[in-house]
Amino acid sequence: MAGIEPGDTVLDPCCGAGTLLIEAVRQRPGIRAHGFDLAWQAVAAARENAAGLPVAVTLADAGRLPVPDGVADRVLANPPWGGQVAPGGLLAASAGRWWAELRRVLAPGGTAVVLLPGVGELPLGISQGLTPVHLQRVRVAGAESFLVRWTAPRLG
């Protein structure tokens with residue numbers, strides 16, 4: 001769904017145990033995969049789960065990632081919307097912070113695939129200049145959720 005290609009830089013700002021990035025590097029060898037999480041326990045679990053794979057995992061706040069603007073060709077994320085995991089750090093103050101940071105790190109023309117608990121989050125992503133180009137209803141742990149593919153505007 002994300003259209004990941006070899007050579008892409010792929011980020012997961014709230015990587016938890018690293019599952020999305022691990023699957024991405026297994027399906028598309030040759031990508032640069034970077035995960036971030038605010039919880040040191042999640043970082044430790046992701047590093048252990050990704051042992052031997054080219055996945056870098058760093059302790060960081062998803063509201064202020066330690067990467068340059070426009071670095072990510074692809075972003076894969078299941079952010080902490082407050083269902084199973086409560087948002088922490090800068091995201092606890094405002095869901096809008098998530099969308100602003102996603103827009104900042106996504107390269108022009110880049111793609112993000114984000115799991116949303118409902119369609120109520122769509123206006124926040126749109127307000128940051130992201131365009132939802134595909135919405136797919138899914139069930140996660142019995143709850144209805146939505147996988148949304150977003151694109152960032154291209155330069156020029």
Side-chain angles (χ1 to χ4, degrees), residues 1-117 121-122 124-132 138 140-141 145-153:
M1 187 176 210
I4 298 170
E5 297 293 334
D8 280 352
T9 296
V10 181
L11 302 185
D12 183 345
C14 312
C15 73
T19 307
L20 295 175
L21 292 173
I22 291 166
E23 291 302 317
V25 299
R26 286 186 172 152
Q27 291 182 25
R28 291 284 188 256
I31 66 171
R32 292 175 298 279
H34 303 276
F36 305 91
D37 206 284
L38 187 59
W40 67 266
Q41 301 94 329
V43 169
R47 287 177 178 165
E48 183 177 333
N49 291 340
L53 295 172
V55 176
V57 183
T58 303
L59 184 68
D61 191 320
R64 188 179 300 138
L65 295 170
V67 298
D69 295 358
V71 72
D73 300 298
R74 304 291 182 259
V75 173
L76 308 175
N78 178 7
W81 300 112
Q84 291 182 317
V85 178
L90 294 172
L91 301 185
S94 167
R97 183 71 195 148
W98 156 258
W99 294 104
E101 190 64 357
L102 173 62
R103 176 66 187 94
R104 183 187 75 77
V105 302
L106 200 56
T111 298
V113 176
V114 181
L115 184 66
L116 300 177
E121 292 290 325
L122 290 173
L124 285 172
I126 293 168
S127 74
Q128 290 297 322
L130 298 168
T131 303
V138 296
V140 178
S145 298
F146 297 88
L147 269 178
V148 182
R149 183 175 64 222
W150 301 84
T151 59

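Since this is a predicted model, take the numbers as computed values, not measurements.
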Treating [X] as the side-chain partner and [Y] as the backbone partner, does any N or O pair qualify as donor plus acceptor under 3.5 Å?
X: Asp73; Y: Thr9; result: yes
X: Arg149; Y: Ala2; result: no
X: Asp37; Y: Ala42; result: no
X: Asp8; Y: Ile4; result: no

*Could you go through the side-chain hydrogen bond (donor to acceptor under 3.5 Å, both in side chains) check for Trp99 and Glu121 one step at a time?*
CA-CA 9 Å; Trp99 294 104; Glu121 292 290 325; 3.1 Å; yes
How about [X] and [Y]: do any of their side-chain heavy atoms sit closer than 4.5 Å?
X: Pro79; Y: Val114; result: yes
X: Thr131; Y: Ile126; result: no
X: Met1; Y: Leu147; result: yes
X: Val57; Y: Cys15; result: yes
X: Arg32; Y: Val10; result: no
X: Asn49; Y: Ile22; result: yes

What pair of heavy atoms forms the shortest contact from [X] to [Y], and how long is it?
X: Leu59; Y: Ala39; result: CD1-C, 3.8 Å
X: Ala33; Y: Leu21; result: CB-CD2, 4.1 Å
X: Pro6; Y: Arg28; result: CD-CD, 4.3 Å
X: Val75; Y: Ala72; result: CG2-CB, 3.8 Å
X: Ala46; Y: Gly16; result: CB-O, 3.4 Å

Just how far is it from atom [atom1] of [X] to atom [atom2] of [Y], taken to the nearest 0.5 Å?
X: Asp61; Y: Cys14; atom1: CG; atom2: SG; answer: 8.5 Å
X: Leu130; Y: Arg103; atom1: CG; atom2: CZ; answer: 6.0 Å
X: Trp150; Y: Leu102; atom1: CH2; atom2: CG; answer: 8.5 Å
X: Leu106; Y: Thr111; atom1: CG; atom2: OG1; answer: 7.0 Å
X: His34; Y: Thr58; atom1: NE2; atom2: OG1; answer: 8.5 Å
X: Leu124; Y: Arg97; atom1: CG; atom2: CZ; answer: 13.5 Å

*Listed partners of Leu65 passing side chain to side chain contact (heavy atoms under 4.5 Å, CB included), at least two apart*: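 Only Pro13, Phe36, Val67, Glu101, Arg104, Val105 meet the side chain to side chain contact (heavy atoms under 4.5 Å, CB included) criterion with Leu65.
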*Leu115 and its side-chain contact (heavy atoms from CB on, under 4.5 Å) partner, picked from Leu20, Val138, Val148*: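 When side-chain contact (heavy atoms from CB on, under 4.5 Å) is applied between Leu115 and each of Leu20, Val138, Val148, only Val138 qualifies.
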